[in-house]
Undergrad: 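Have a look at this one before I ask anything.
Below, all heavy atoms of this structure are taken into account, side chains as well, without hydrogens, waters or symmetry copies. Values in this document were obtained by computation on a predicted structure and should not be read as measured data. One-based numbering, in listed order, for ligands and for the atoms of each.
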Amino acid sequence: MRRSHTRARVKTKPDKSDMDPVKFQIRSSNRSSSSSSIYTLTKSNSKHAKSNLFLTVASIATVLGFLFVCYSIASSGGRGSLRYSVVIDGGSTGTRIHVFGYRIESGKPVFEFRGANYASLKLHPGLSAYAEDPEGASAALRELVEFAKGRVPRGMWVETEVRLMATAGMRLLEVSVQEKILGVVRRVLGSSGFLFRDEWASVISDADAAVDAAAYYIVTAGFIGVSRGTRRSDDGVRRSFLRQRNEQKLTQNVDAVAAAGSDEGVYAWVVANFALGSLGGDPIKTTGIVELGGASAQVTFVSSEPMPSEFSRTVSFGNVSYSLYSHSFLHFGQNAAHEKLWGSLVSRDRNSAVEPTLEGKHADPCAPKGYNLDTITQKHLSGFLAEESKLASSFQAVGNYSLCRSAALSILQEGNDKCSYQHCSIGSTFTPKLQGRFLATENFFYTSKFFGLGEKSWLSNMISAGERFCGEDWSKLRVKDPSLEEEDLLRYCFSSAYIVSLLHDTLGVPLDDERVGFANQAGDDIPLDWALGAFILQTEASTSQHASSSHLHWFYALFGIDSQTLLYFIGVPILMTVLVCLISKWRKPQLKTIYDLEKGRYIVSRIR
Ligand SMILES: Nc1nc2c(ncn2[C@@H]2O[C@H](COP(=O)(O)OP(=O)(O)OP(=O)(O)O)[C@@H](O)[C@H]2O)c(=O)[nH]1
Ligand SMILES: [Ca+2]
């Protein structure tokens, strides 16, 4: 019997629809059997090709997406994306811009004040030097803005906040002059390309002077909150404080401004304890700050002594509340006090500890013999004192440390007779007994460094260093330090006396007290600059506000506020699921289903 061989002749009828079965006929070549089996194959024809194409494209897209997520995790070191903030410190001797980079990790800002995450530039003179020509400040401000733009990626400028906070130098100006200079600041920062609001340029104490004692900076829920006076419900008070701060037309008087100027001190305290890692810990283990600036001095520390509300600040970090004493002593910065000394010599103030010379000249004990004082006094004395000093021909440098220290004490005790508290220390201001450890910054640091003093017994060694320097002839001092500006070199005599008179004679710090050290950095070389403390507070505030103001704060708390975190926790699982589906689909065997008419049943077999 001839072997029948079956030849499959597939008659495929191209069909239009997607999944219509393709019919093909296998005819037996055996003539005797006319039967033929019609088989139905359920399969996509072009469909199969299309689904393969789709699977290929989808798989490639998913793999690429997955690789992107891996890359972004790797490139960001598994941490939140970098953000920026800019703070400008308008000090009396100069304007300094600080550019900060920081990340948000699980809903909280992470600060590193080094490398690409921190840069600063200071330009002289300070804003207050433009009192006669406010427009003149715009050139320096634009230069500072360009410095910041060079450190913030262009794409981030629009979301990078820039703030200017001016301190004592501006506090000493008439409000109308302050407003003119701030007008120039607001115009330059408003057109800088950074995120700016007019109220973000201010004289820091000015903005707080008129706000009642219950005003708060609150950044609770694990952040830093700064509040004054008695505590009330944080959010309500915070909203009312911010409303007042933005709406309130501020009037000010110097005392109230001085009393409220201690935000500068609080900010310095915050950055110091942040750097030392004591923020969030036991209050008695925190470190106080005593700052000697140019126009003002600040004292801020945790005090258990009851105090009038105008000096009281509460900083809360996590579940720890710190009850602080904080005050900014306007006119008691080093440069301002030095000018007061000359003024007291000219006006032969009854408190002046220094008698005029036999020729009727003004004897200046804080100037080494041979120094010609006429230039510097004319430059720094204004109004009637300048006229008076011209009339009285001139000053005479008599270089005497102990007389200089007595003159400095007279300046620090000026106003003591008007003290309205149970006791006053500097001027007519209350200061509780100093408690705990302190860091003495700014001029305390610069003068100690100049005299090469070590940490140990630096205050008592300051006396001997000052005695040598003030008692030396000016010509010899000039030879030893030719590079220094004459005015800067001269100041070290007064500074060495003023520092001992302020810390020991006035605030009662023992000369050999190891609890008080001088520094301008702490922790991981973090600069003890109040602007960093202001940045920490503001960033915590805006991060906390963002997280708690939206109804998704539970979500942010779980997944963190940063989109990068969302990417990891949500994006990756979705991609993985899609990828698994695609792979499983891809690997799913293509089956062939044939209906065997003779046997009357389906036969399923695998194509591949
Ligand atoms: N010897 C010395 N003094 C410095 C140096 N830098 C700043 N100072 C002085 O340190 C003091 C404080 O510096 P800043 O905080 O920049 O001064 P400021 O902010 O303009 O002054 P305030 O407005 O009172 O805060 C001022 O008296 C400056 O003259 C320095 O490198 N060497
Ligand atoms: Ca300062």
Undergrad: Between the side chains of Glu472 and Arg468, is the shortest nitrogen-to-carboxylate-oxygen separation below 4.0 Å, so that they form an ion pair?
TA: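 Judged by the 4.0 Å cut-off on N to carboxylate O distance, Arg468 and Glu472 do not form a salt bridge.
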Undergrad: Which side-chain N or O atoms in residues 474-481 pair as donor and acceptor under 3.5 Å with protein atoms at least two apart or in another chain?
TA:
unit_1 : atom_1 : unit_2 : atom_2 : d
Arg478 : NH1    : Asp481 : O      : 3.2
Arg478 : NH1    : Leu484 : O      : 3.3
Arg478 : NH2    : Leu484 : O      : 3.1

Undergrad: Counting only heavy atoms not in Lys122 (residues, nucleotides, ligands), do more than 12 fall under 6.0 Å from its NZ?
TA: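 Atom NZ in Lys122 is packed in, count exceeds 12.
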Undergrad: When you measure from the centre of the six-membered ring of Phe311, is the NZ or CZ of Arg313 closer than 6.0 Å and no more than 45° off the axis?
TA: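 Negative - Arg313 is either too far from the ring of Phe311 or too far off its axis.
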Undergrad: Verify, without hydrogens or angle tests, whether Ser278 (side chain) and Phe274 (backbone) share a donor-acceptor contact under 3.5 angstrom.
TA: no
Undergrad: What about His423 and Phe430, are their ring centers closer than 6.0 Å?
TA: yes
Undergrad: Using a 3.5 Å cut-off on N/O to N/O, what pairs does ligand 1 make with the protein? A line per pair would be great.
TA:
unit_1   : atom_1 : unit_2 : atom_2 : d
ligand 1 : 1 (N)  : Tyr492 : OH     : 2.7
ligand 1 : 6 (N)  : Tyr446 : OH     : 3.4
ligand 1 : 10 (O) : Asn443 : OD1    : 3.4
ligand 1 : 10 (O) : Asn443 : ND2    : 3.4
ligand 1 : 15 (O) : Glu442 : OE1    : 3.4
ligand 1 : 15 (O) : Glu442 : OE2    : 3.0
ligand 1 : 16 (O) : Arg96  : NH2    : 2.9
ligand 1 : 16 (O) : Lys122 : NZ     : 2.4
ligand 1 : 17 (O) : Thr93  : OG1    : 3.3
ligand 1 : 20 (O) : Ser92  : N      : 2.7
ligand 1 : 20 (O) : Ser92  : OG     : 3.3
ligand 1 : 20 (O) : Thr93  : N      : 2.5
ligand 1 : 20 (O) : Thr93  : OG1    : 2.8
ligand 1 : 21 (O) : Ser92  : OG     : 3.0
ligand 1 : 21 (O) : Gly294 : N      : 3.1
ligand 1 : 23 (O) : Ser92  : N      : 2.8
ligand 1 : 23 (O) : Ser92  : OG     : 3.2
ligand 1 : 23 (O) : Thr167 : OG1    : 2.9
ligand 1 : 24 (O) : Gly294 : N      : 3.0
ligand 1 : 24 (O) : Ala295 : N      : 2.6
ligand 1 : 24 (O) : Ser296 : N      : 3.0
ligand 1 : 27 (O) : Asn335 : OD1    : 3.0
ligand 1 : 27 (O) : Asn443 : ND2    : 2.9

